[in-house]
Amino acid sequence: MKTSNLLLATTRETPSDAVVISHQLMIRAGMIRPLAGGLYNWLPLGLRVLRKVEAIVRQEMNRSGAQEVLMPLVQPLELWQESGRDQDMGQEMLRFTDRHDRPFVLGPTHEEIITDLVRREIRSYKQLPINFYQIQTKFRDERRPRFGVMRSREFIMKDAYSFHLSRESLQETYEVMHQTYSQIFNRMGLNFRAVQADTGAIGGDGSHEFHVLADSGEDDIAICQNSGYAANVELAEAIAPSQSRSAPGQNLEKIATPKQHTIEEVSAFLQQPYQKILKTLLVKGADPAQPIIALVLRGDHELNEIKAEKHPLIAAPLTLVNENEIFAAIGCNAGSIGPVGLPIPIICDRAAAVCADFVCGANQDGFHLQGVNWERDLPLPSTFDLRKVVAGDPSPCGQGPLSIFKGIEVGHIFQLGNKYSTALNATVQNENSRAQVLEMGCYGIGVTRVVAAAIEQNHDERGIIWPDALAPFQVCIVPMQMHKSPRVAEAAQTLYQALLAQGVEVLLDDRSERPGVMFSDMDLIGIPHRIVISERGLDNGLVEYKYRREPQAEEIPHADFMAFLTQRLSEGAR
RNA sequence: CGGAGUAUAGCGCAGUCUGGUAGCGCACCUGUUUUGGGUACAGGUGGUCGGGGGUUCGAAUCCCUCUACUCCGACCA
């Protein structure tokens, strides 16, 4: 490809509404253009990258034994009513009617469709296990699309669905998908982690998310560097403290703390560290007889809502009690609650349970208690893992401390069990000629999101730095003064043709632009391998080569150049 | 969905308070210049000032209304 034939729609300025770097760079590099909220046109350069991602996904899915299908974006609402998810999806699913007034939806996902297909086509256990996938557009009417293609309304997803007679078979395919996903993201050259994930409302035995590590990620991931343990912070267990509680050393004392509410304020006022102060949060209870439950955590710890709502006494979804209800129940405001003498059930985080001589609210505005000790001043309540893990916590694997990283979720694999197959009555005949409900797994990759995530992880102040496997072109040729120098023009053309003949994806910048413009554009769009052809180089029998990721260019003797470049290209593709 | 904000040339913005000839930078076109990191000069194209309604001799500017977009929050494979 020559730049004269390519819509190289680079811009110097960043649109003001793009806040994350990938969104800014995708627009500046001319990969995408916004059409409407959460909807984007993919320009030629961006589409080349998107196709790279798809190709790798497709190859590896095929290699895993999965079969590609294509299911409609438009789906009858009826199937969603049959599965019961019509209600669950709510406004996120775009609904409309056709000319005959029949209700349809734009598919936010395809579990219902594939399950319907399978119940019609798969009759015998002998056809199992089977795994179908597609690379298809989804539409989710996000409340708030943002971050460009990272969270858009229309996006491309690879989704796969496997069907099994047994849990064991499902587990096997799940493992295969786990390996396949690792292979996919490795081939893409991304720094990622497979992390244990919450299975959410669907339940089931296992779920892993695949996260690309990047500071701009929306999710927190706890990683143990020693063992490779990785879990979403939502899930990561804060293991019980190994040290036991110290003996009481102070007397219980009630202190006036006028207008001190937050942990920060109380800490400064009483000159006590955060971890000596316990906070008490009131949440709604699951049992109407116990409508309010108190949760006690150390001041430096944060409540993990996902964990908390798994407690049988706590209502799910977790709901904090509002100020009015707090005052009605306790007689003070939120910043002054404490566990001492509290007339409602108390659940204490395990770390808070080993605190001694701590500070807490006195259940009276303007007062705190100091020198409080469990079992001496109040009974030790039941304990539970309520908090989010923090960096430095011991890992549940027992092999070292946890670090916290930010991640962008690009893949999710899930053992669904029989939720959809039961709802839609997807069965096969088993060996005993009896109808048996299928076990099901689902496996997604956010194809468009991968493109953005790759940029989040690979960029500098000049622009994108594509991993070789995702780059829209492998090589760019930047000739100096090509339009004035027949020698340069000829050398550039010769090299261009030679690379094309070898099947290298090469972009020749044949524009009559200043060198600075060409360099800036090539850096911005992130072509990994850059070759500069100049009079100066030709005079000395040298060709300049620069790898986008490296700071320095090198001069290579002309005679050795093709071999050199071939070597560099194979290293990049490694 | 709650809160806040924005809408003026393809992009980024000023002008709005205090009504009176629609501007700047980038981009684009012409020409000259320059040629190893977004060059310089000169000239030029491009606008229903988001839509509708109102006030006024006169509205980008004041009032009403609608729409779209963005940010924060809540939510989320």
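Here the structure is a predicted model, which is why all the values come from computation and not from measurement. Here is the naming used below: chain letters follow the sequence lines, and residue numbers restart at 1 for every chain.
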> Using atom C1' of each nucleotide, how far apart are B/C75 and B/G2 to the nearest Å?
Replying inline: 12 Å
> When the P atoms of B/C69 and B/A74 are considered, how many whole Å apart are they?
Replying inline: 22 Å
> Tell me: CG of A/D521 to C1' of B/G37, nearest whole Å?
Replying inline: 11 Å
> Between B/G36 atom C1' and A/M518 atom CE, what is the distance in whole Å?
Replying inline: 9 Å
>> Regarding A/E409, tell me which of base, sugar-phosphate or nothing describes its non-hydrogen contacts under 4.0 Å with the strands shown.
In response: base
>> Does the structure show a Watson-Crick or G-U wobble partner for B/G58, both distances under 3.5 Å? Name it, or say none.
In response: none
> Should A/H110 and A/F132 be marked as a ring pair (Phe, Tyr, Trp, His ring centres under 6.0 Å) after you check the CA-CA gap, both sets of side-chain angles, and the distance that decides it?
Replying inline: CA-CA 11 Å; A/H110 283 77; A/F132 294 111; over 10 Å; no
> Just checking A/R530: base, sugar-phosphate only, or nothing, at a heavy-atom cut-off of under 4.0 Å?
Replying inline: base
> Under a 3.5 Å cut-off for both distances, is B/U48 Watson-Crick or wobble paired, and to whom?
Replying inline: none
>> I'd like the P distance from B/G20 over to B/A59, given in whole Å.
In response: 11 Å
>> Taking only the C1' atom of each, what is the distance from B/C11 to B/C63 in whole angstrom?
In response: 32 Å
> How would you label the contact of A/K484 with the nucleic acid (heavy atoms, under 4.0 Å): base, sugar-phosphate, or nothing?
Replying inline: base
> Atom CG of A/D141 to atom P of B/C75: distance rounded to whole Å?
Replying inline: 19 Å
> Taking for each residue the nucleotide of RNA chain B bearing the nearest heavy atom, is the 5' side occupied by A/P145 or by A/V410?
Replying inline: A/P145
>> Could you identify the nucleotide paired to B/C75, looking across every strand shown and requiring Watson-Crick or G-U wobble geometry with both distances under 3.5 Å?
In response: none
>> Any base atoms under 4.0 Å from A/V478, or only sugar-phosphate, or nothing? Heavy atoms, all strands.
In response: nothing
> Just checking A/E544: base, sugar-phosphate only, or nothing, at a heavy-atom cut-off of under 4.0 Å?
Replying inline: base
> Using a cut-off of 4.0 Å on non-hydrogen atoms, how would the nucleic acid contact of A/G411 be classed: base, sugar-phosphate, or nothing?
Replying inline: base
>> It should be established whether A/R12 places a side-chain nitrogen or oxygen under 4.0 Å from OP1 or OP2 of nucleotide B/A27.
In response: yes
> How far, in whole Å, is B/U45 from B/A40 if one measures between their P atoms?
Replying inline: 22 Å
> Which base sits across from B/C69 as a Watson-Crick or G-U pair, both distances under 3.5 Å?
Replying inline: B/G5
>> For the C1' atoms, the ones on B/U18 and on B/A60, what distance do you get once it is rounded to whole angstrom?
In response: 15 Å
> Is a salt bridge present between A/E544 and A/R530, judged by a nitrogen-to-oxygen distance below 4.0 Å?
Replying inline: yes
> With both distances kept under 3.5 Å, what pairs with B/A40, Watson-Crick or G-U wobble?
Replying inline: B/U32
>> Students often get this wrong, so: under 4.0 angstrom with heavy atoms, is A/T109 touching a base, only sugar-phosphate, or nothing?
In response: nothing
>> Taking B/C28 as the reference, what is the distance to B/U39 when you measure between their P atoms (whole Å, please)?
In response: 10 Å
> Within the structure shown, what part of the strands sits under 4.0 Å from A/D523 by heavy-atom distance: base, sugar-phosphate, or nothing?
Replying inline: base
>> Applying the Watson-Crick and G-U wobble criteria at under 3.5 Å, what pairs with B/C17? Answer none if nothing qualifies.
In response: none
>> Looking only at the side chain of A/R140 (C-beta and beyond, no hydrogens), which of the listed nucleotides B/G37, B/U35, B/A77 gets closest?
In response: B/A77
> What integer distance in Å separates A/I413:CD1 from B/A77:P?
Replying inline: 16 Å
> With both distances kept under 3.5 Å, what pairs with B/C26, Watson-Crick or G-U wobble?
Replying inline: B/G10
>> Classify the ring geometry of A/F564 against A/Y545: parallel below 30°, tilted from 30° to 60°, perpendicular beyond 60°.
In response: perpendicular
> A/R28 near the nucleic acid: base, sugar-phosphate alone, or nothing, with a heavy-atom cut-off under 4.0 Å?
Replying inline: base
> Want to settle it: does A/F155 or A/A36 sit nearer the 5' end of RNA chain B, counting the closest nucleotide to each?
Replying inline: A/A36
> B/G23 and B/C64: how far apart are their P atoms, nearest whole angstrom?
Replying inline: 29 Å
> Would you find more than 12 non-hydrogen atoms of other residues, nucleotides or ligands less than 6.0 Å from A/E68 atom CD?
Replying inline: yes
> How are the rings of A/H208 and A/H178 set relative to one another: parallel (under 30°), tilted (30 to 60°) or perpendicular (over 60°)?
Replying inline: perpendicular
> Atom CZ of A/R487 to atom C1' of B/U35: distance rounded to whole Å?
Replying inline: 16 Å
> Using 30° and 60° as the class limits, which term best fits the ring planes of A/Y181 and A/F185: parallel, tilted or perpendicular?
Replying inline: perpendicular
>> Regarding A/E264 and A/T262, do their side chains bring together a donor and an acceptor under 3.5 Å, going by distance alone?
In response: no
